[in-house]
Amino acid sequence: EAQVTQNPRYLITVTGKKLTVTCSQNMNHEYMSWYRQDPGLGLRQIYYSMNVEVTDKGDVPEGYKVSRKEKRNFPLILESPSPNQTSLYFCASSFRTGYDYTFGSGTRLTVV
Amino acid sequence: KNEVEQSPQNLTAQEGEFITINCSYSVGISALHWLQQHPGGGIVSLFMLSSGKKKHGRLIATINIQEKHSSLHITASHPRDSAVYICAVGETSGSRLTFGEGTQLTVNP
């Protein structure tokens, strides 16, 4: 089944403890991206990747890192999480930009 | 002013009603996407369109590039259509997706 897999689905962590949210797609898509969703603000892009080893900042990149060493994986790294990063996170992929998107199931992160 | 604006923010309908959700945008776009988000949180892509009209079952999406406006229509609405509907535009550069705040639709039996 074609899908984008995010892990974990839920995570509660403490301020400053490094964490990684994984994202993997099995559709050989070139484009992958991360979004956060907050009440009243909607979805906002954090980082995106046009292909392997090519990443760029979205609208809200502060406090996040990404890497794209393999085509299928695009992990989101929070080096020192803070409470304002409490949010619902989505990974998505697309064959290329301008094509349809497939979203992961989301990761609900709480930083205390 | 947001680059992508949706209306209405909230919509309550009775089962069987015809529903319209509107999306206006202010940037140059390569494509417009309509997404559906159910209460569980998962997001599903409904349509991607760059011109004209698309239909899938009871859902119809239209776009007017000159007026920078798109509509999502649901015919014969059903309680299972209750969800948040999100409009998103892919900018001309192709690398950025900008979202509207969503429309919460509730269809009562």
Side-chain angles (χ1 to χ4, degrees), chain A residues 1-6 8-11 23 25 27 29-51 54-61 66 68 87-110, chain B residues 1-10 21 23-51 54 56 59 61 63 65 70 72 83-104:
Chain A
E1 180 189 351
Q3 60 185 358
V4 175
T5 303
Q6 277 182 244
R9 288 293 308 276
Y10 302 92
L11 179 60
C23 175
Q25 50 93 3
M27 296 164 282
H29 284 172
E30 289 186 357
Y31 181 89
M32 297 185 76
S33 56
W34 276 103
Y35 306 91
R36 61 178 289 173
Q37 186 177 36
D38 302 290
L41 296 175
L43 283 152
R44 293 176 292 168
Q45 189 173 45
I46 303 171
Y47 269 95
Y48 63 93
S49 169
M50 305 281 275
N51 213 326
V54 180
T55 63
D56 210 343
K57 297 176 181 178
D59 297 318
V60 287
V66 293
R68 187 96 182 270
S87 187
L88 179 58
Y89 291 86
F90 288 97
C91 178
S93 74
S94 174
F95 175 62
R96 288 194 187 129
T97 56
Y99 284 74
D100 220 350
Y101 286 78
T102 302
F103 285 81
S105 300
T107 296
R108 189 167 292 280
L109 172 66
T110 302
Chain B
K1 188 180 190 300
N2 292 335
E3 292 175 337
V4 181
E5 295 205 343
Q6 285 184 237
S7 63
Q9 281 190 310
N10 294 282
I21 299 170
C23 176
S24 296
Y25 54 92
S26 57
V27 297
I29 70 167
S30 57
L32 183 141
H33 303 257
W34 280 103
L35 311 172
Q36 181 191 55
Q37 186 173 26
H38 275 287
I43 297 174
V44 174
S45 177
L46 297 175
F47 294 103
M48 185 191 74
L49 61 166
S50 54
S51 65
K54 286 189 176 180
H56 182 72
L59 302 179
I63 188 168
I65 297 294
S70 176
L72 176 68
V84 175
Y85 292 83
I86 302 169
C87 170
V89 299
E91 294 190 5
T92 308
S93 67
S95 60
R96 183 178 175 223
L97 201 60
T98 305
F99 300 83
E101 288 194 28
T103 296
Q104 173 70 62

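Throughout, protein chains are lettered first and strands after them, A, B, ... in sequence-line order, and every chain is numbered starting at 1. Computed from a predicted model, the values in this text were never measured in an experiment.
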- Message: Does any backbone or side-chain atom of A:Asp59 lie under 4.5 Å from a heavy atom of chain B? Answer side chain, backbone, both or neither.
- Response: side chain
- Message: Do A:His29 and A:Val4 make a side-chain contact, defined as non-hydrogen atoms from C-beta onward lying under 4.5 Å apart?
- Response: no
- Query: Of the non-hydrogen atoms in B:Ala83 and B:Gln104, which two are nearest, and what is the gap between them?
  - Reply: O-NE2, 3.6 Å
- Options A:Arg44, A:Arg96, A:Gln45, ranked by heavy-atom pairs under 4.5 Å with chain B, top entry: A:Gln45
- Does the side chain of A:Tyr101 come within less than 4.5 Å of B:Leu35's, by heavy atoms? no
- Message: At a 4.5 Å cut-off on heavy atoms, which part of B:Gln6 comes close to chain A: side chain, backbone, both, or neither?
- Response: neither
- Note on the structure: Whatever's closer than 4.5 Å to a heavy atom in chain B on A:Leu43 counts as both
- Item | CZ (A:Arg108) with more than 12 external heavy atoms under 6.0 Å | no
